Protein chains: 2
Amino acid sequence: MGAALALVGKGRHFASLGIREVTRQAGVVPTSFYRHFRNMDDLGLQLVDELGLVLRRMMREARANVLQSDKLIEESVGIFVAHAQANRSFFLFMAQGLAGESRAVQEGIRSEMRFFASELANDLRRLRLMDHLSDADLDLTCDLVVRTVAFSLTDLLSVSPGDDYQIGQIRKRTTRFLQMIFVGAGHWQSDGA
Amino acid sequence: MGAALALVGKGRHFASLGIREVTRQAGVVPTSFYRHFRNMDDLGLQLVDELGLVLRRMMREARANVLQSDKLIEESVGIFVAHAQANRSFFLFMAQGLAGESRAVQEGIRSEMRFFASELANDLRRLRLMDHLSDADLDLTCDLVVRTVAFSLTDLLSVSPGDDYQIGQIRKRTTRFLQMIFVGAGHWQSDGA
DNA sequence: GCTCGATGTGTACACTTGTTCACTAATGTG
DNA sequence: CACATTAGTGAACAAGTGTACACATCGAGC
């Protein structure tokens, strides 16, 4: 799994990886692959599981550091950007998988995103922010937020990892996106008028 | 190019296609490939160009049918969904390319999206909607709108083409996303307070 | 009518690929 | 200690891959 991630990190697309290629990168003979996975899709699914752990770690850190609700959005985006850089390959895999070849991987990533959105909704409820929104509308908002952040991933991962200026730009832009969404949510009336 | 699109439409990922595979689908001998393209990346770039045409056609239709600004958002989303279904393979290719293997294709698609966003900004300016926004903030809004729609593509393309119920759900949800964004834009003050 | 450029064909070569099978080295439990 | 399980090995095979080269076909313009 580490070898596959490494290849993805080097710019390859997961869908184009082969068993031999992965085992070569892992410094292991091709047949060893079958000791751990039935095929590449299987490997992908297990990577999705690990991706879940990464996302949960990120959430935990966000919750710990964003208690003072002053610059809530800005801080959260900062943490996201930091994790995206620290786990570049994982997030590359995630961005690729959303439109990937394996339906199962696709569904897995989508499901991680749904989970993330629902946790965000819980947090907002607990903090008594957005109290005027119905449950459905809060879900809508959080879904939109998660999508927006996920799309920023694409920007983030397309600039070279060391380009701090561009990364800063993306962070600022993403922050403004979220601010605009929350302004919209703040003035939202459920009938949609 | 048609053959490559056909394979993408059948669920394959563009990054995993090979020259022989494409020519086989095209009913042509492998060496013929080189009469038209230098390699697969080249093919991808030419597909991006054609994708540009598809998007422009969509824009033209949207402009023609959405003059009465009553249900502007709803109608636009409807047209988008219709085109996404009519040109399924093209949009699949677009969704894949955003996190694809070829940096050039990636940049090409991103550039098409920027163009789309700037055209949208022009239209909104011309219709005198969002008149209180600065140029930069209008660009921000349109960028967010285009991203949101592009992400919906992923949802749209992951359900089977005939599943009208789910497609309707996605259309409604996307519409609400855009409405929320525009509510946010309507109450936006450029200092970001 | 002839030539030329564009398109397609057939053959060939050197690799790479997925998967199989029988075998070996290490590991931790009784 | 012996034993079973787990992870890794090496050789082998049929099939697929990218690319090169010389040759065939065909339609447009002089």
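Computed from a prediction, not measured in an experiment: that's the story for all the values here.
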Taking [atom1] from [X] and [atom2] from [N], how many angstroms apart are they, rounded to a whole number?
| X | N | atom1 | atom2 | result |
| --- | --- | --- | --- | --- |
| B:Leu17 | D:dG18 | CG | C1' | 15 Å |
| A:Gln25 | C:dT16 | CD | P | 16 Å |
| A:Met1 | D:dA7 | CE | C1' | 16 Å |
| B:Leu43 | D:dG18 | CG | P | 12 Å |
| B:Phe37 | D:dG18 | CZ | P | 14 Å |
| A:Met40 | C:dT17 | CE | P | 12 Å |

Looking only at N and O atoms, is any donor in the side chain of B:Arg20 or the base of D:dG16 less than 3.5 Å from an acceptor on the other one?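 By the distance-only test, no, there is no pair.
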D:dG10 base / A:Thr31 side chain donor-acceptor hit below 3.5 Å: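 In this structure, the two groups form a donor-acceptor pair.
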Can you see if the side chain of B:Tyr34 gets near the phosphate of D:dA20 - specifically, an N or O under 4.0 Å from OP1 or OP2?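 B:Tyr34 to D:dA20 OP1/OP2: no side-chain N or O under 4.0 Å.
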Would you indicate, yes or no, if D:dT6 has its OP1 or OP2 atom less than 4.0 angstrom from a side-chain nitrogen or oxygen of A:His36?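 A:His36 to D:dT6 OP1/OP2: no side-chain N or O under 4.0 Å.
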Which heavy atom in [X] sits nearest to a heavy atom in [Y], and how many Å separate them?
| X | Y | result |
| --- | --- | --- |
| A:Asp164 | A:Pro161 | OD1-O, 4.5 Å |
| A:Val8 | A:Ser89 | CG1-O, 4.0 Å |
| B:Ser152 | B:Thr174 | OG-OG1, 2.9 Å |

Out of C:dT17, C:dT19, D:dT17, which has the shortest distance to the side chain of A:Glu21?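 Nucleotide nearest to A:Glu21's side chain: C:dT17.
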Does [X] reach a base, just sugar-phosphate, or nothing at all? Heavy atoms under 4.0 Å.
| X | value |
| --- | --- |
| A:Val28 | sugar-phosphate |
| A:Phe33 | nothing |
| B:Arg38 | nothing |

N-O pairing of B:Glu112 and B:Arg56 below 4.0 Å: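 So B:Glu112 pairs with B:Arg56 through a salt bridge.
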Charged N to carboxylate O under 4.0 angstrom, A:Asp143 versus B:Arg173?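 B:Arg173 and A:Asp143: salt-bridged.
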Judged by each residue's nearest nucleotide on DNA chain D, which is more toward the 5′ side, B:Arg35 or B:Asn39?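 Going by which nucleotide is closer to the 5' end, it is B:Asn39.
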